[in-house]
Amino acid sequence: MFLAHPVGRPVHEILAADDAQDVAWLDLVDPTEDEIRLAEAVSGISLPRREALEEIESSSRHYRKGDVIYLSTPLVRMINDALTAYPVGMVVSERWFITLRYANYTAFETMSRDLAANDVDFALSDVPELVIHLLETVVNRLADILESAGHTLATISRTVFTSTRPRRHVRNVDVLRQTLRELGASGDLTSSIRESLLGVDRIGMYLGDARYFEFRDTLQARLRILGRDVASLNDYVAQMTVKVQFLLDATLGFISIDQNDGMKLLTVVSFVGITPTLLAGIYGMNFKIMPELEWHYGYFYALCLMLASVLLPLFIFWRRGWFGDRSK
């Protein structure tokens with residue numbers, strides 16, 4: 001999809017070069033090759049393809065060709081409960097601000113609504129303002145995601161260290177398994193956000209080193225504030241990573257405790273059965289008077305007694321939840 005984002009007017013799709021008049025921001029969402037070529041025809045700028053945007057070298061992500069600056073970074077996106085970092089490209093010239101992305105992002109939609117509502121204090125053709133505003137919006141969105149992840153970790157912490165633990169073993173195991181899944185998802189999320197923040201930080205440093213806002217004191221100040229925001233968010237991500245590891249260790253510790261409790265019970269049960277077995281081995285069948293030898297139902301009584309000795313431990317284990325579904 002090839003979109004134009006004019007200030008004070010609704011977003012509209014670009015189908016021909018005439019549709020992009022009086023527009024500074026061109027937004028290509030999961031573009032086809034034909035749409036990329038149309039954008040090149042409209043702007044007169046050669047645009048990178050997805051393969052180039054996915055390069056990890058800094059020299060491949062941030063470079064300059066003449067008066068055109070090429071930037072790219074991975075941004076985290078949740079699709080169908082799966083975290084994926086999709087590449088986002090930015091092409092900046094004196095006349096055009098072009099973005100190429102391969103997923104829908106809330107930050108882009110938020111900025112688009114701001115432009116459509118004319119909720120901005122800069123001119124339509126002010127490309128540097130568009131660039132810094134988009135970077136700020138992306139960082140704000142990443143901060144919101146981190147805040148939500150922090151609340152999730154707080155909930156997990158209360159679950160792990162709650163004083164009212166389930167009595168049945170199977171319920172306890174299910175809670176711990178779900179906790180491990182949630183901790184794994186939180187770890188993936190923080191890692192992906194750190195990668196996105198690193199990409200935005202590199203973009204900011206490149207623009208600063210390239211003196212892109214050299215004659216715009218206000219924008220230079222906003223760029224410095226953006227860098228401090230990214231640094232503080234990176235510190236928060238590091239703290240969350242430590243907390244995820246701490247909760248993971250605690251959860252595994254509780255699992256070990258539950259396993260030790262199970263082994264303790266098995267040891268007790270085994271000890272209870274050892275003494276009667278020992279006595280039966282020494283004295284069994286060695287007495288002259290054994291009433292059951294003459295009993296008509298003695299054989300069936302022995303079979304029922306053996307069956308009961310099997311079923312009773314199984315019932316005890318079932319009550320403790322040891323036959324829960326281990327495939328969960």
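Hydrogens, waters and symmetry mates play no part in the numbers below; they use all other heavy atoms, side chains included. Numbers for residues simply follow the sequence, beginning at 1.
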Query - Criterion side-chain contact (heavy atoms from CB on, under 4.5 Å) on Leu219 and Tyr212, from CA distance to verdict - result: CA-CA 10 Å; Leu219 296 186; Tyr212 180 66; over 6 Å; no
Query - Interatomic spacing from CG in Leu130 to CH2 in Trp96 - rounded to 0.5 Å - result: 11.5 Å
Report summary line: Shortest non-hydrogen pair, Glu54 vs Pro87, comes out as CG-CG, 3.6 Å
Report task. With the side chain counted from C-beta on, respond yes when Ser93 and Val127 share a heavy-atom pair under 4.5 Å apart, and no when they do not. Result -> no
Requested in this report: Measure across Gly150 and Met240 and return the closest heavy-atom pair with its distance rounded to 0.1 Å.
Outcome: N-CE, 3.9 Å
Query raised in the report: Taking a hydrophobic cluster as the set of Ile, Leu, Val, Met, Phe, Trp and Tyr residues connected by side-chain heavy atoms closer than 4.5 Å, whether directly or through intermediates, do Leu198 and Leu71 fall within one such cluster?
Result: no
Query raised in the report: Pick from Leu38, Leu47, Ile36: which one makes a side chain to side chain contact (heavy atoms under 4.5 Å, CB included) with Pro31?
Result: Ile36
**Report entry** Atom pair OG1 (Thr155) and CZ (Arg158), whose distance is rounded to the nearest 0.5 Å
**Finding:** 4.5 Å
Query raised in the report: What pairs meet the side chain to side chain donor-acceptor pair (under 3.5 Å) rule with one or both residues in residues 248-257, with sequence neighbours excluded?
Result: Gln245-Asp249
Query raised in the report: According to the interplanar angle, ranging from 0 to 90°, do the rings of Phe108 and Trp25 count as parallel (below 30°), tilted (30 to 60°) or perpendicular (above 60°)?
Result: tilted
Query raised in the report: Side-chain contact, heavy-atom cut-off 4.5 Å: Leu135 with Leu207?
Result: yes
**Report entry** OG1 on Thr218 to CD1 on Ile132, rounded to 0.5 Å
**Finding:** 11.0 Å
Report task. Report yes if some heavy atom in the side chain of Arg202 is under 4.5 Å from a heavy atom in the side chain of Thr73; otherwise report no. Result -> no
Query - Side-chain donor/acceptor of Thr137 to backbone N/O of His133, under 3.5 Å - result: yes
Report task. Please answer: with hydrophobic residues joined when any side-chain heavy atoms are less than 4.5 Å apart, are Tyr206 and Leu100 in the same cluster? Result -> yes
Query - Spacing of Glu109 atom CD and Asp27 atom CG [to the nearest 0.5 Å] - result: 10.0 Å
Query raised in the report: Is there a donor-acceptor pair closer than 3.5 Å between any side-chain N or O of Arg101 and the backbone N or O of Ala103?
Result: yes
Report task. Indicate the atoms forming the closest heavy-atom contact of Gly89 with Leu53, along with that distance. Result -> CA-CD2, 3.7 Å
Report task. Examine Leu189 and Val242 and state if one hydrophobic cluster contains both, with Ile, Leu, Val, Met, Phe, Trp and Tyr joined whenever side-chain heavy atoms are less than 4.5 Å apart. Result -> no
**Report entry** Transitive ILVMFWY side-chain link Val68 to Leu28, under 4.5 Å
**Finding:** yes
Query - Residue list, salt bridge (Lys or Arg N to Asp or Glu O under 4.0 Å) with Glu136, at least two apart or on another chain - result: Arg222
Query raised in the report: Between Arg77 (side chain) and Tyr105 (backbone), is there a donor-acceptor pair under 3.5 Å?
Result: no
Query raised in the report: Less than 4.5 Å apart, any side-chain heavy atom of Phe254 and any of Phe161?
Result: yes
Query raised in the report: With Glu40, which residues qualify under salt bridge (Lys or Arg N to Asp or Glu O under 4.0 Å), at least two apart?
Result: Arg49
Report task. Could you tell me the separation between the CG atom of Leu75 and the CZ atom of Arg141, rounded to the nearest 0.5 Å? Result -> 11.5 Å
Query raised in the report: Just how far is it from atom CG of Leu26 to atom OG of Ser43, taken to the nearest 0.5 Å?
Result: 6.5 Å
Query raised in the report: Looking at side-chain heavy atoms only, is the closest gap between Ile45 and Tyr70 below 4.5 Å?
Result: yes
Requested in this report: Kindly determine whether Leu226 and Leu223 satisfy side-chain contact (heavy atoms from CB on, under 4.5 Å), including the steps that lead there.
Outcome: CA-CA 5 Å; Leu226 182 71; Leu223 185 63; 4.2 Å; yes
Query raised in the report: How about Leu134 and Met90: do any of their side-chain heavy atoms sit closer than 4.5 Å?
Result: yes
Query raised in the report: Do Arg61 and Pro74 come close enough that some side-chain heavy atom pair is under 4.5 Å?
Result: yes
Query raised in the report: What about Ile225 and Val131, same hydrophobic cluster or not, with Ile/Leu/Val/Met/Phe/Trp/Tyr joined at side-chain heavy-atom distances under 4.5 Å?
Result: no
**Report entry** From CA spacing to verdict: side-chain contact (heavy atoms from CB on, under 4.5 Å), Arg216, Glu129
**Finding:** CA-CA 10 Å; Arg216 304 286 293 272; Glu129 284 276 7; 3.7 Å; yes
**Report entry** Contacts of type salt bridge (Lys or Arg N to Asp or Glu O under 4.0 Å), residue Arg64, not counting sequence neighbours
**Finding:** none
Query raised in the report: Parallel, tilted or perpendicular: which describes the rings of Tyr297 and Trp295, with under 30° parallel and over 60° perpendicular?
Result: perpendicular
Query raised in the report: Side chains of Leu252 and Leu180: does their closest heavy-atom pair fall under 4.5 Å?
Result: yes
Query raised in the report: Distance-only, no hydrogens or angles: does the Thr152 side chain make a donor-acceptor pair with backbone N or O of Ser148 under 3.5 Å?
Result: yes
Query raised in the report: Taking only residues at least two apart or on different chains, which pairs with a member in residues 223-242 satisfy ring pair (Phe, Tyr, Trp, His ring centres under 6.0 Å)?
Result: none
Query raised in the report: Is there any side chain to side chain donor-acceptor pair (under 3.5 Å) pair reaching into residues 188-199, and which pairs are they, with sequence neighbours excluded?
Result: none
